[in-house]
Amino acid sequence: MAMVTVSQSFNFHGFFVRKASLLPSSASRVRYSINDRRWLNLDSASSSCRFRNLNSRCSITNTDLHLSNVLTEDEAPQDLSAAECDCSTPIVHLKTDILESESLSLLAETTYVDSVLTALPVLSEEEQNALAATPAHPVGLYALYASSLAGNLVEQLWNFAWPSAIALLHPSLLPVAVMCFFSKLAIIVGGPLVGKLMDYSPRVPAYMGLNVVQAAAQLLSATMIIHAHTVSPTSASSVLLRPWFIVLVLAGAIERLCGVATGVAVERDWVILLAGMNRPIALAQANAVLNRIDLLCEIAGASVFGILLSKYEPVTCLKFAAASMIWSLPVMIGLTWLTNKLATGVLDRPRSCQTCCGESPEEAAVDAGSIVDRGLETIKLGWKEYMQQPVLPASLAYVLLFFNVVLAPSSLMTAFLTQRGVNPSVIGGFSGLCACMGVAATFLSATLVKQLGILKAGAAGLVFQASLLSLAVVVYWSGSLSQQSPVLFFLGLIVLSRLGHMSYDVVGAQILQTGIPSSKANLIGTTEVSVASLAESVMLGVAIIANDASHFGFLAMLSLLSVVGAAWMFCRLLLNPTDEQRSLFAVESNT
């Protein structure tokens with residue numbers, strides 16, 4: 001192998017020649033010059049690049065090529081263009097002024113010349129691991145953590161506040177189920193559209209704009225629920241036709257769509273740029289920190305609102321939630337700007353629209369007149385890209401978990417427990433403990449992946465969750481939930497099952513992050529959320545039909561079957577992977 005060092009920088013079809021200064025010559029470090037024009041015909045069948053007219057001073061070091069065919073200027077071919085067309089090996093034209101005649105004899109005898117430059121350092125395994133664990137932009141990553149903390153705290157507070165406040169209006173699951181259904185429907189239809197819009201738009205302005213829209217939708221929703229608590233109560237069926245409820249449904253759908261889009265942007269795009277795609281340990285640590293922030297915010301939001309709701313009127317609690325939305329918005333926007341500033345503008349890096357959507361922005365502008373057609377094409381493209389991903393079974397197992405709408409700290413579970421007369425502080429504690437299990441899962445999943453491998457770790461989490469939820473359903477059907485102890489045992493089993501659920505959630509996120517290119521991250525990510533929302537909306541449709549609290553056991557059985565199906569699908573991937581999946585998980589398939 002030959003190392004060529006010149007006084008300028010060149011890039012020839014992937015061969016880079018770096019600028020360097022030449023050291024003074026000595027007896028053991030010989031520097032050569034060519035006083036007249038020479039043609040060196042290098043026997044290198046493995047290379048197809050041709051360097052032409054490289055007019056610079058060069059040093060040839062560590063030469064292990066066969067250089068037996070050296071042509072002088074008299075022997076050089078006259079027809080240069082013909083020689084270039086017929087020659088399949090590279091021709092290096094060295095035109096300098098300091099190579100002595102004895103150097104040619106050294107080259108003809110294919111001896112080695114001592115290196116003029118020092119050898120490039122090779123990192124040890126410990127140094128490589130240290131580099132892989134170091135984020136590309138650590139300060140910017142810390143600012144992203146702070147921004148996520150400010151945004152998630154208010155979002156998780158509101159996610160617990162609105163179903164609790166609505167459940168206090170009517171002793172039925174119908175209003176909450178309708179709200180959730182239309183929110184999921186908005187994600188199904190609008191998810192791919194918003195994802196493609198974000199892929200085309202600058203990251204930071206688009207993210208800030210979605211945060212503003214989300215906060216405005218939350219404030220509007222809080223206003224409508226406060227209005228509902230001030231008017232006289234009506235039946236559950238008549239509530240659905242009230243103007244305030246229609247506005248509440250629309251605002252809730254917009255709020256959820258914006259929340260999903262911002263979450264996908266951070267988890268599938270921003271964190272990769274800040275941590276570094278080629279730094280897997282740093283990326284895994286950043287994923288774990290973001291999961292812990294989200295879960296800790298869920299603990300704080302549910303606990304705080306549950307305590308407030310047990311001591312104050314619902315209207316007072318909703319006003320507190322609205323005030324938290326107002327102060328958190330400028331803080332979140334400022335931290336978002338600071339993230340990009342501290343990361344030296346890495347979030348301003350453009351994406352490849354051709355890679356992302358298969359078309360250029362000019363082509364997109366030509367068809368912009370037909371909004372409906374554009375929207376349908378985007379939805380079809382998102383589903384196509386989603387179905388073609390190599391880790392589709394793992395993603396489908398994740399989607400199946402969204403059929404579980406009651407055996408989890410969900411809005412329907414909150415409404416069910418509220419209508420059963422459970423103390424709001426207990427309900428808040430239940431949601432908080434579920435989030436604690438998620439925090440523990442961020443630590444447990446790393447150990448499971450290290451001991452079992454990423455596929456077996458995911459399977460272990462799903463099987464653990466299915467087993468505990470089976471026991472919880474048995475407790476419910478035993479008919480003893482009229483007493484406090486069985487209720488607490490029932491909720492405790494669900495809390496423990498979240499350990500397996502969140503372990504798979506962390507493992508699945510790592511699989512999808514590394515398997516999807518950044519140019520398609522928002523499109524495929526929002527499409528996956530759309531598919532998950534479709535699964536959840538189907539179960540919410542069933543809940544709308546069976547809206548009485550007495551039908552909770554039927555919904556619990558359907559939720560259990562979905563978790564068992566997810567475990568079966570992922571175990572099938574583990575036992576019968578395709579060739580492409582074997583290549584992705586070559587280490588595990590060989591163990």
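Sequential numbering from 1 along the given sequence is applied to the chain's residues. The structure displayed is predicted, hence computed values, not measured ones.
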Let me see the working for E313 and K319 under salt bridge (Lys or Arg N to Asp or Glu O under 4.0 Å), right down to the final yes or no. CA-CA 10 Å; E313 292 295 325; K319 290 180 179 179; over 6 Å; no
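Side chain of S324 to backbone of A321: a donor-acceptor contact under 3.5 angstrom is found. Here the side chain of S431 pairs no donor or acceptor atom with the backbone of G428 at under 3.5 angstrom. Proximity of a side-chain donor or acceptor of T336 to a complementary backbone N or O of M332 within less than 3.5 Å is detected. No donor-acceptor pair under 3.5 Å is formed between the side chain of D505 and the backbone N or O of H501. A donor-acceptor pair is defined here as one N or O able to donate and one able to accept, closer than 3.5 Å; no such pair exists between the side chain of S147 and the backbone of L144. In terms of modelled atom types and a separation under 3.5 Å, the side chain of S410 and the main chain of V405 share a donor-acceptor contact. Of the possible polar contacts, none joining the S201 side chain to the M198 backbone as a donor-acceptor pair under 3.5 Å is found. Between the D269 side chain and the A265 main chain, no donor and acceptor come within less than 3.5 Å of each other. The main-chain N or O of A165 is found under 3.5 Å from a side-chain atom of H229 such that the two form a donor-acceptor pair. The main-chain N or O of F160 is found under 3.5 Å from a side-chain atom of S164 such that the two form a donor-acceptor pair.
If you check the side chains of E298 and N152, you find no donor sitting under 3.5 Å from an acceptor. With 3.5 Å as the limit, one finds a donor-acceptor pair spanning the side chains of E528 and S395.
Within the 4.5 Å cutoff, no side-chain heavy atoms of F552 are placed close to those of R420. The side-chain heavy atoms of Y207 and L210, taken from C-beta on, include no pair separated by under 4.5 Å. Using a 4.5 Å heavy-atom threshold, the side chains of P175 and F245 count as touching. Within the 4.5 Å cutoff, side-chain heavy atoms of M557 are placed close to those of W477.
Ring centers of W158 and F305: at least 6.0 Å apart, outside the cut-off. Checked against a 6.0 Å centroid threshold, the rings of F320 and Y312 do not count as neighbours.
At least one cation-pi condition fails for R292 and Y145: the charged atom is not both under 6.0 angstrom from the six-membered ring centre and inside a 45 degree cone around its axis.
Nearest heavy atom pair, residue T442 against residue A288, reads CG2-O, 4.1 Å.
Exactly one of L407, L469, L471, V474 qualifies for a side chain to side chain contact (heavy atoms under 4.5 Å, CB included) with L493. That residue is L471.
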